[in-house]
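Computation of the quantities below employed the complete heavy-atom set of this structure, encompassing side-chain atoms and omitting hydrogens, waters and symmetry-equivalent molecules.
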Amino acid sequence: MKIRIKGNSVRLRLTKTEVETFCATGKILETTQFGDKKLAYTLEARSGIASPEAYFSEDTISVYLPPEARQNWASSNRVGYSNHVDWNDEKALSILVEKDFTCLDNTIEDQSDNYPNPRL
């Protein structure tokens, strides 16, 4: 799972295996080690929400999707999930969770578990 943070936006990109694992278990966890500290980020299914939500606590970024996201996402053409943000609210957080597609340009990154790019 990749995370991209820019300003007040958080974007998670998941490979095929990660989407399948999320659909099967309801959770994906990734960590990045910084010496003796680590940053964790997780995607979890959570009851009682209608759109993606995110929180930051104890060195962990937690992104939540409604439990319905687990049902057919892996086998569907649906690319991802996002919340709707009032861009005039400086505290609003934009959240995007999506399938990771292969790049259009040449890259040295392993993309063997990515979804085929629909533009190819």
Side-chain angles (χ1 to χ4, degrees):
M1 179 168 59
K2 296 177 192 172
I3 188 167
R4 179 178 178 188
I5 301 170
K6 182 173 182 186
N8 272 13
S9 68
V10 173
R11 177 180 174 189
L12 298 179
R13 296 174 79 187
L14 285 75
T15 65
K16 288 181 200 177
T17 301
E18 290 165 339
V19 171
E20 290 167 359
T21 300
F22 170 76
C23 289
T25 68
K27 185 174 183 176
I28 295 284
L29 172 68
E30 189 76 46
T31 60
T32 303
Q33 201 69 37
F34 292 91
D36 62 347
K37 293 188 175 242
K38 69 179 178 180
L39 171 67
Y41 48 103
T42 183
L43 176 66
E44 298 180 51
R46 175 182 257 184
S47 298
I49 62 172
S51 64
E53 295 182 1
Y55 300 93
F56 180 70
S57 177
E58 299 179 13
D59 301 327
T60 301
I61 297 168
S62 300
V63 177
Y64 299 101
L65 292 181
E68 300 81 35
R70 294 178 56 192
Q71 293 174 356
N72 297 315
W73 188 28
S75 60
S76 75
N77 289 332
R78 183 172 188 151
V79 173
Y81 296 87
S82 62
N83 64 344
H84 300 283
V85 174
D86 177 1
W87 290 104
N88 293 316
D89 180 354
E90 62 189 36
K91 293 183 180 177
L93 179 66
S94 169
I95 304 165
L96 176 61
V97 179
E98 62 186 350
K99 293 175 177 174
D100 196 5
F101 293 104
T102 55
C103 295
L104 293 174
D105 56 358
N106 293 329
T107 181
I108 59 171
E109 179 181 340
D110 178 16
Q111 299 185 75
S112 61
D113 195 28
N114 290 13
Y115 288 87
N117 194 306
R119 293 187 181 171
L120 295 177

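The cluster map of Ile, Leu, Val, Met, Phe, Trp and Tyr, joined by side-chain heavy atoms under 4.5 Å apart, puts Y41 and L96 in different clusters.
To the nearest 0.5 Å, the span separating OG1 on T15 from CE on M1 amounts to 10.0 Å. Remark: E18 CD to K99 NZ distance equals 13.0 Å, nearest 0.5 Å. Here the CG atom belonging to L43 is positioned 12.5 Å from the CD1 atom belonging to I61, to the nearest 0.5 angstrom. Atoms CD and CZ, on Q71 and R78 in that order, are 11.0 Å from each other to the nearest 0.5 Å.
The 12-atom threshold is exceeded at CG of D89, counting heavy atoms of other residues, nucleotides or ligands nearer than 6.0 Å.
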Audit row: L65, F22, side-chain contact (heavy atoms from CB on, under 4.5 Å) steps and yes/no: CA-CA 10 Å; L65 292 181; F22 170 76; 4.0 Å; yes
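In the hydrophobic clustering, where aliphatic and aromatic side chains (Ile, Leu, Val, Met, Phe, Trp, Tyr) are joined below 4.5 Å either directly or transitively, Y64 groups with I49, Y55.
With sequence neighbours excluded, no residue satisfies side chain to side chain donor-acceptor pair (under 3.5 Å) with E68. In this structure R13 satisfies the salt bridge (Lys or Arg N to Asp or Glu O under 4.0 Å) test together with E98, D100, sequence neighbours excluded. Among residues two or more places apart in sequence or in another chain, the side chain to side chain contact (heavy atoms under 4.5 Å, CB included) test is passed with S9 by K6, S94. Residues passing the ring pair (Phe, Tyr, Trp, His ring centres under 6.0 Å) test with Y81, sequence neighbours excluded: W73.
In this structure, P52 and N83 approach most closely via the heavy-atom pair O-CB, 3.6 Å. Nearest heavy-atom pair, V19 versus A74, reported as atom, atom and distance to 0.1 Å: CG1-CA, 3.6 Å. When all heavy atoms of S51 and P66 are compared, the pair lying nearest together is N-CG, 3.9 Å. Annotation for A45 and P67: closest pair CB-CA, 4.0 Å, computed over non-hydrogen atoms. The two atoms that bring V63 and V97 nearest to each other are CG1-CG2, 3.8 Å, heavy atoms only.
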Return all side-chain donor-acceptor pairs below 3.5 angstrom for residues 23-37, not counting sequence neighbours, or 'none' if the list is empty.
residue : atom : partner : partner atom : Å
T25     : OG1  : T21     : O            : 2.8
T25     : OG1  : K27     : N            : 3.3
T25     : OG1  : K27     : O            : 3.1
Q33     : NE2  : G35     : O            : 3.2
Q33     : NE2  : K37     : O            : 3.3

